Amino acid sequence: MHELLARDLEHLPDLLGLTTDQAVRFLADLAERPVAHRTAPPGEGQGLPQAGLGLEKALAELARRWEPGLSASAGPRYLGFVTGGATPAGIAGDWLTAAYDQNVSSAGDSSASDLEKETVRYLRELVGLSEDHGGAFVSGATMSNTVGLAIAREWVGEQRGVQVSAAGLAALGRVTVLSGTPHSSVGKALSVLGLGRTALRTVATLPGREAVDVEALAAALAELDGAPAIVVANAGTVNTVDFDDLRAVAALRDRFPFWLHVDAAFGAFAALSPAHAHLTDGLDLADSVCVDLHKWLNVPYDAAVQFTRRRDLQTAVFHNESPYLGAPSPADPDFLHLTPENSRRLRALPAWLTLAAYGAAGHGEIVVRNAECAAALADTIAAGSAFRLLAPARLNVVCFTLADDPTPERLAALRAAVTDSGEAFLTPTVYAGVPALRAAFSNWRTTRADVTRVAMALATAAAGLD
Ligand SMILES: *Cc1c(COP(=O)(O)O)cnc(C)c1O
């Protein structure tokens, strides 16, 4: 064994202690360090280390060169995109995932697969899905949407008498995908899957809303003359967190043949808030569902779940049969037959541990509190004169713009000033043709005091505009 490896092995407890200290220092400062950097201090270039430093000195190098440029994206006032933090149990679960270093591709040598299955059952119950949905961990909502749409593609083939996974896309022909306000990752998924980005046809939404107009969707389906299609329903759009009427969309299957995929990346967590749970009504009727976990479950990157009612089609697409891996069991296929990966980390563990630690009640409190924070910021914006709300805060996102002259340049300057203040980080959008900002609340640490600080940072930045 190399002498540095031998030394680190001998001192492993102390070294993991130092690692803990470094993490604790970072986390202790998380709420007060600059929330984001527009130009992060670079970690000054260096060549490939030849001799190596040993872990203790390498940790010090990491802290010196790279830590200063890291954002506080896990902290309470990072409101860009939809970004969760990591609960104490989520962090601990991720550390132990690395320490255990299990390969959850197949059962038969470890309890790890069963732990993932138990976690999927927990999550299914948490967001209100029935036992008819099987689930598997993937790296994020983009991958969950991609896997769901791969199963949808196989289903369209089944309707047309073509096994796409065997015969290939050329045998399938064009497929139409309909959606009201799809997330950008749906286009990426369609590109990856060979269905093509232009397969996606956006359908009219309700007036002043991002939710699909179900009558317009019915009309678009009727135009297909009975050709099987894919509908992507949206349970939580990123700009205004609008929800399609999932029950009404699902009911259209009585009249038209389509696979119903629901992108509920963060919106599924509305089920945890009594005041918002109705928004997810009908989620269980979907054929496939995307739920992200590194957003509102507040586990570290990268984790999401892909749920589907058609495990058989999923296995047809993803199975990886070989003499050493065996054939998938139809009743209970190993995970390597269900997702793009073969070898897989025990990605479920942070989710398992945070649910074991805080339960549905603890995680429900996060969702309720985040929604209250969004409502409070929306109220502050509505009461002032500098900004204008572009939509009501339906759940956890506030979408707003400058009251006067909301040009792209002024919005960019506003956003830069907020970032430079170190107090908050928001991401831009264009909503109904108007340049805007979004403040998305999904961090377990955010409180009303943070909302006050964000509102002040916004007011100061607006006052400083030309
Ligand atoms: C964030 C998000 C995605 C993509 O999620 P990643 O985890 O970043 O891949 C997809 N759909 C919706 C609605 C989202 O909010």
Side-chain angles (χ1 to χ4, degrees), residues 71 73-74 78-86 90 94 123 127 135-150 152 177 179-193 197 200 202 205 209-212 230-244 246 249 260-271 276 279-280 283 286 288-307 339-341 347-348 350-351 367 370-371 374 391 394-399 426-429 431 438-443:
S71 73
S73 58
Y78 187 100
L79 308 181
F81 312 101
V82 179
T83 305
D94 211 62
L123 291 164
V127 303
F137 271 71
V138 289
S139 57
T142 299
M143 193 52 85
S144 179
N145 280 334
T146 304
V147 172
L149 292 170
V177 182
S179 189
T181 309
H183 187 267
S184 55
S185 60
V186 171
K188 182 173 180 172
L190 296 176
S191 165
V192 170
L193 294 169
R197 294 178 193 264
L200 182 62
T202 50
T205 54
R209 298 272 303 275
E210 288 187 306
V212 75
I230 299 169
V231 170
V232 176
N234 302 293
T237 58
V238 288
N239 276 332
T240 68
V241 198
D242 215 340
F243 285 71
D244 291 350
L246 300 178
V249 171
L260 177 56
H261 174 79
V262 179
D263 182 353
F266 66 95
F269 287 83
H276 302 94
L279 295 169
T280 62
L283 184 65
S288 54
V289 179
C290 157
V291 178
D292 223 339
L293 302 179
H294 50 221
K295 291 177 179 167
W296 229 350
L297 194 68
N298 280 265
V299 293
Y301 295 101
D302 41 17
V305 180
Q306 198 287 316
F307 291 102
T339 68
E341 302 87 358
R347 185 171 275 131
V367 172
N370 286 159
R394 295 192 176 92
L395 184 58
N396 62 325
V397 174
V398 185
C399 186
L426 283 70
T427 41
T429 191
Y431 179 68
R438 303 162 55 260
F441 293 86
S442 42
N443 187 289

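Here the structure is a predicted model, which is why all the values come from computation and not from measurement. Read the numbers this way: they start at 1 and go in the same order the structure lists the ligands and their atoms.
- By the 4.5 Å heavy-atom criterion applied to side chains, V127 and T280 are not counted as neighbours.
- Within the 4.5 Å cutoff, the side chain of S71 has heavy atoms near those of the Y78 side chain.
- When non-hydrogen atoms are compared, ligand 1 lies under 4.0 Å from the side chain of S185 (C-beta onward) but not from its backbone.
- What sits closest to atom 5 (O) of ligand 1 on the protein, heavy atoms only, is A141 CB, 3.0 Å.
- Residues D263 and P182 form no side-chain contact, since every pair of their non-hydrogen atoms from C-beta on lies 4.5 Å or further apart.
- Distances from ligand 1 to the non-hydrogen atoms of G236 include at least one value under 4.0 Å.
- Side-chain contact between N370 and F269 is absent, with no heavy atoms from C-beta onward closer than 4.5 Å.
- When all heavy atoms of Q306 and G148 are compared, the pair lying nearest together is NE2-CA, 3.6 Å.
- Every heavy atom of V82 sits 4.0 Å or more from the atoms of ligand 1.
- Considering backbone and side-chain N/O atoms, G140 never comes within less than 3.5 Å of an N/O atom of ligand 1.
- The protein heavy-atom contact nearest to atom 1 (C) of ligand 1 is K295 NZ, 1.3 Å.
- In this comparison of K188, H183, H294, M143, the heavy atom closest to atom 12 (C) of ligand 1 sits on H183.
- Closest to atom 9 (O) of ligand 1, if we only count protein heavy atoms, is T142 OG1, 2.6 Å.
- Between V291 and L123 the shortest side-chain heavy-atom distance does not fall below 4.5 Å.
- Each of the atoms 15 (O) of ligand 1 lies under 4.0 Å from some heavy atom of V238.
- Across all their heavy atoms, R197 and K188 have their closest contact at NH1-N, 3.6 Å.
- D263 OD2, 2.8 Å is the protein heavy atom nearest to atom 11 (N) of ligand 1.
- At least one side-chain heavy atom of F81 sits under 4.5 Å from a side-chain heavy atom of T427.
- The atoms of ligand 1 that sit less than 4.0 Å from any heavy atom of F266 are 15 (O).
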